[in-house]
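One structure below.
None of these values were measured; they are calculated from a predicted model.
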Amino acid sequence: MATDPVLADPALPDPAGVVTLGCRMNLSESETIRHLLAAAPTPTVVVNSCAVTAEAVRQSRRAVRRLRRDHPGARLLVTGCAATIDPAGFAAMAEVDGVVPNAAKLDPARWQVPAPAVPVAASERHTRAFVAVQNGCDHACTFCIIPAGRGASRSVPVAQVLHTLAGHLAHGVAEVVLTGVDLTSWGADLPEPARLGDLVAAILRAFPALPRLRLSSVDGVEIDPLLLDLLCHEPRVMPHVHLSLQSGADMVLKRMKRRHSRAQALVLVETLRRHRPDMAIGADLIAGFPTEDAAMHAENLSIVAQAGIVHGHVFPYSPRPGTPAARMPQVPPPVVRERAAQLRAAVAQTRAAWLQGLVGRPAQVLAERDGTGHGPDFAPYRLPAGTAPGSLVTLTPERIEEGMLA
């Protein structure tokens, strides 16, 4: 499972009152919802919820209460994985007027609005476009509840993806991020089965002027030969791979029902870096998975430095009702929290050394709207005052603390 849960804290509602929690898939879908709500006959606010952890569910409920407090007269609807998995629980909240399941969240009729005359291109407010090309998951990781909220794997056909991208590029977007619940499974269910590398190659051929193409979280064992070649050699594919790693301990990976080993993950990282030394590695890591002992935790901890993980998403394990892992012997919560803190500290140390190594090196940075930007490797930069959002600028940071690297 490669959900790329990078928005674990609820974002502030945008002008249309859409609060997004969870993964980049939710972020992409919230943009479409925001555009659909512009035609709503009554003021409507939405919480696009997340269920990846118990904490994400709690945050979703807090977001509902906060949004109702801020918009007392609006119709308040909840969608997303948490609301799809537990619709009765969210519908029972006094603040909620209705629940929209994931399967219907992009259907204009469920928001009581007419269908748009043209496909929604939701990039006017952003410097990059998140394009969902896949949804659902066919795997059965023992810790994961998301398939219950997203269903089986479904791929968006190439022609539809290209049509969507054309709309974003017409708005001047300089970077496209391909997203999916299990992104690297894209294509297997199409009438003519394909692989994610085929889609990436088709995009690059169709849009030769697209400066930057980035992938969200990927499952390393599903990276096909063409995709690997593009990651290693195509300059328009960004040198930034975020792995759905989950653990650095083989026994834990086996009990998670993951399909890769520690050695396979490290070989992939070494291959990427051998061909592209500027490749930045990100990873999802779970701390305190059931049955994880001190030795397994040490293996998990050590892979941070060995793989050079500089974009780390660390999750303290929390049991999700209905999953096999919830029935396994649990690690005490204080131990889980301590192990998560140690993992975060290890990532912070690796990241600090990496950022220091970027000092003095020129980088092409995509400017955001808040005075910051990101390089191809997703390193954060502060930008000179007056830098136009969405522009690509070349910076040479002199130091981290007072210079351009954030």
Side-chain angles (χ1 to χ4, degrees), residues 1-5 23 25 52-53 133-155 178-190 193-200 215-232 241-272 281-292 296-297 299-300 302-304 306-307 309 311-315 317 320 322-328 343:
M1 183 99 193
T3 56
D4 193 23
C23 62
M25 276 288 294
V52 71
T53 63
V133 302
Q134 183 275 340
N135 205 339
C137 185
D138 292 336
H139 306 310
C141 297
T142 59
F143 59 85
C144 190
I145 194 68
I146 299 304
R150 289 283 182 175
S153 180
R154 290 100 64 201
S155 304
L178 301 184
T179 71
V181 173
D182 184 27
L183 178 62
T184 30
S185 71
W186 178 91
D189 61 310
L190 293 175
R195 304 293 298 274
L196 184 60
D198 300 315
L199 177 62
V200 172
L215 305 179
S216 66
S217 184
V218 298
D219 192 335
V221 296
E222 290 183 326
I223 294 178
D224 59 272
L226 177 55
L227 180 59
L228 181 62
D229 182 69
L230 291 168
L231 285 167
C232 288
V241 171
H242 191 95
L243 298 173
S244 180
L245 186 60
Q246 310 307 348
S247 179
D250 281 331
M251 182 55 70
V252 172
L253 290 169
K254 182 177 180 180
R255 289 169 180 167
M256 288 178 168
K257 292 189 107 173
R258 299 295 295 165
R259 294 168 299 143
H260 67 270
S261 67
R262 176 191 177 99
Q264 287 174 316
L266 291 173
V267 166
L268 173 60
V269 170
E270 191 278 329
T271 300
L272 291 167
I281 300 298
D284 301 331
L285 290 169
I286 295 176
F289 184 80
T291 76
E292 181 188 75
M296 296 171 195
H297 170 60
E299 290 182 276
N300 205 13
S302 68
I303 203 170
V304 173
Q306 193 169 353
I309 295 169
H311 301 294
H313 299 153
V314 175
F315 299 90
Y317 173 80
R320 309 302 292 120
T323 61
R327 300 189 294 272
M328 297 179 185
L343 280 169

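Heavy-atom minimum distance, R320 versus T53: NE-C, 3.8 Å. Summarising the geometry of A287 relative to L343, their closest heavy-atom pair is CB-CD1, 3.6 Å, with the distance given to 0.1 Å. Across every non-hydrogen atom of H242 and H311, the tightest pair is CE1-O, 3.5 Å. Looking at every heavy atom in both residues, L183 comes nearest to S217 through CB-O, 3.7 Å.
S216 places a side-chain N or O within donor-acceptor distance of the main-chain N or O of L178, the cut-off being under 3.5 Å. The main-chain N or O of G187 is found under 3.5 Å from a side-chain atom of S155 such that the two form a donor-acceptor pair. Panel note: side chain R195, backbone E222; a donor-acceptor pair is recorded below 3.5 Å. At distances below 3.5 Å, not a single donor-acceptor pair connects side-chain atoms of D182 with backbone N or O atoms of C137. The closest donor-acceptor contact from the side chain of E292 to the backbone of G288 lies under 3.5 Å.
From H260, atom NE2 reaches atom OG of S247 across 7.5 Å, with rounding to the nearest 0.5 Å. Here CG of L243 is found 7.5 Å from CG of L272. Values are rounded to the nearest 0.5 Å. For the atom pair M25 CE and I146 CD1, the distance stands at 11.0 Å (nearest 0.5 Å). Within the model, atoms CG of D284 and NE2 of H313 stand 6.5 Å from one another, a figure rounded to the nearest 0.5 Å. In this structure, the separation between SG on C144 and CE on M256 is 10.5 Å, given to the nearest 0.5 Å. Atoms CG and CG, on L196 and D219 in that order, are 11.5 Å from each other to the nearest 0.5 Å.
R262 places a side-chain heavy atom less than 4.5 Å from the side chain of I303. Using a 4.5 Å cut-off on side-chain heavy atoms (C-beta onward), L228 and L230 make no contact. By the 4.5 Å heavy-atom criterion applied to side chains, V252 and E299 are not counted as neighbours. Between V304 and L285, some side-chain heavy-atom pair lies under the 4.5 Å cut-off. For the pair P147 and H139, the minimum side-chain heavy-atom distance is 4.5 Å or more. F143 has its side chain out of reach of R255: every pair of non-hydrogen atoms, C-beta onward, lies at least 4.5 Å apart. Contact annotation: the side chain of L226 approaches that of D198 to within less than 4.5 Å [non-hydrogen atoms, C-beta and beyond].
In summary, the side chains of S153 and Q134 do present a donor paired with an acceptor at a separation below 3.5 Å, with no hydrogens or angles considered.
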Could you check V241 against L268 for side chain to side chain contact (heavy atoms under 4.5 Å, CB included), going step by step and ending with a plain yes or no? CA-CA 10 Å; V241 171; L268 173 60; 5.6 Å; no
